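Working notes, structure below.
Since we're looking at a predicted model, the values are computed, not measured.
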Amino acid sequence: MINIYYNVEPLRSNEEITDFVNKARNGTHGERNALLILIGLNTGLRMSDILNLKVGQIRYHDIVHITEKKTKKRRVILLTRLRPQINHYIKDLPEANYKFNPNKPGIFQWQSVDDVFLMVVD
């Protein structure tokens, strides 16, 4: 078995972030992937917490209260800066749906997000 190691460096400039998000927009689920990244960058939430957001939680609220899955801590997240992107993505989704997989709630898991990131950096 061959071990592959990645040199993980943070995105430091606006240009690097824009480049990364634009690459994520390519493909079948590009808008979803870009929004996953933007929410993570703007809130600092873990992917497991982002994937647990439901449309009803964020449709009309820029301030959202969540309980982090890993730490069980209560947290307030601000979505004001992402409102246009969020509204565009969820406009036709029902309130009860998980935001990132409207057809199969709960199926898109954080391991799948790793695949998205690998696709973007390749």
Side-chain angles (χ1 to χ4, degrees):
M1 174 182 233
I2 299 173
N3 291 328
I4 300 174
Y5 298 97
Y6 293 95
N7 182 14
V8 180
E9 292 289 326
L11 302 172
R12 297 186 190 279
S13 70
N14 284 337
E15 183 180 333
E16 289 175 324
I17 293 169
T18 301
D19 223 26
F20 189 74
V21 172
N22 286 337
K23 285 179 184 175
R25 279 198 173 92
N26 296 328
T28 307
H29 301 289
E31 289 303 313
R32 177 201 65 198
N33 297 343
L35 193 54
L36 279 168
I37 292 166
L38 288 171
I39 290 175
L41 289 171
N42 282 274
T43 65
L45 288 176
R46 289 179 180 86
M47 218 28 84
S48 58
D49 296 321
I50 295 170
L51 295 174
N52 279 326
L53 292 172
K54 289 189 177 180
V55 172
Q57 285 179 283
I58 62 169
R59 176 162 277 148
Y60 306 110
H61 308 286
D62 286 338
I63 299 172
V64 178
H65 298 265
I66 66 161
T67 301
E68 291 181 341
K69 192 173 181 178
K70 181 177 179 179
T71 64
K72 308 293 186 242
K73 291 180 184 174
R74 296 277 301 150
R75 186 129 174 239
V76 176
I77 58 171
L78 302 175
L79 299 174
T80 310
R81 294 179 66 196
L82 297 173
R83 180 55 47 205
Q85 295 93 331
I86 290 170
N87 287 347
H88 176 74
Y89 183 76
I90 67 171
K91 67 183 173 206
D92 297 323
L93 300 179
E95 299 282 314
N97 277 29
Y98 287 90
K99 187 159 115 28
F100 294 103
N101 194 349
N103 298 321
K104 296 179 184 177
I107 300 300
F108 190 72
Q109 298 186 7
W110 66 266
Q111 292 93 340
S112 302
V113 175
D114 284 347
D115 295 337
V116 170
F117 288 137
L118 289 175
M119 174 196 71
V120 171
V121 297
D122 281 345

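Here the shortest heavy-atom pairing between E95 and K54 reads O-CB, 4.2 Å. Here the closest heavy-atom approach between residue P94 and residue V55 is recorded as O-CB, 3.4 Å. Here the shortest heavy-atom pairing between Q85 and L35 reads CB-CD1, 3.9 Å. For the residue pair N52 and K69, the shortest heavy atom distance occurs at ND2-CD, 3.5 Å. Closest approach of N87 and R59 over heavy atoms only: OD1-O, 4.2 Å. Between N33 and A24, the closest heavy-atom pair is CB-O, 3.6 Å.
No path of Ile, Leu, Val, Met, Phe, Trp and Tyr side chains, each step under 4.5 Å between heavy atoms, connects I50 with L78, placing them in separate hydrophobic clusters.
Within the 3.5 Å criterion, the main-chain N or O of E68 finds no donor-acceptor partner in the side chain of R75. A donor-acceptor pair under 3.5 Å is formed between the side chain of R83 and the backbone N or O of H61.
A distance of 9.5 Å separates CG of L82 from CD1 of I58, quoted to the nearest 0.5 Å. The distance from the OH atom of Y89 to the CG atom of L38 is 13.0 Å, given to the nearest 0.5 Å. T80 contributes atom OG1, which lies 6.5 Å from atom CD1 of I63 (distance to the nearest 0.5 angstrom). Going from atom CG of L79 over to atom CD of Q57 covers 10.0 Å, rounded to the nearest 0.5 Å.
L53 places a side-chain heavy atom less than 4.5 Å from the side chain of I66. At a threshold of 4.5 Å between non-hydrogen side-chain atoms, the residues T43 and D49 do not count as touching. Using a 4.5 Å heavy-atom threshold, the side chains of L36 and M47 count as touching.
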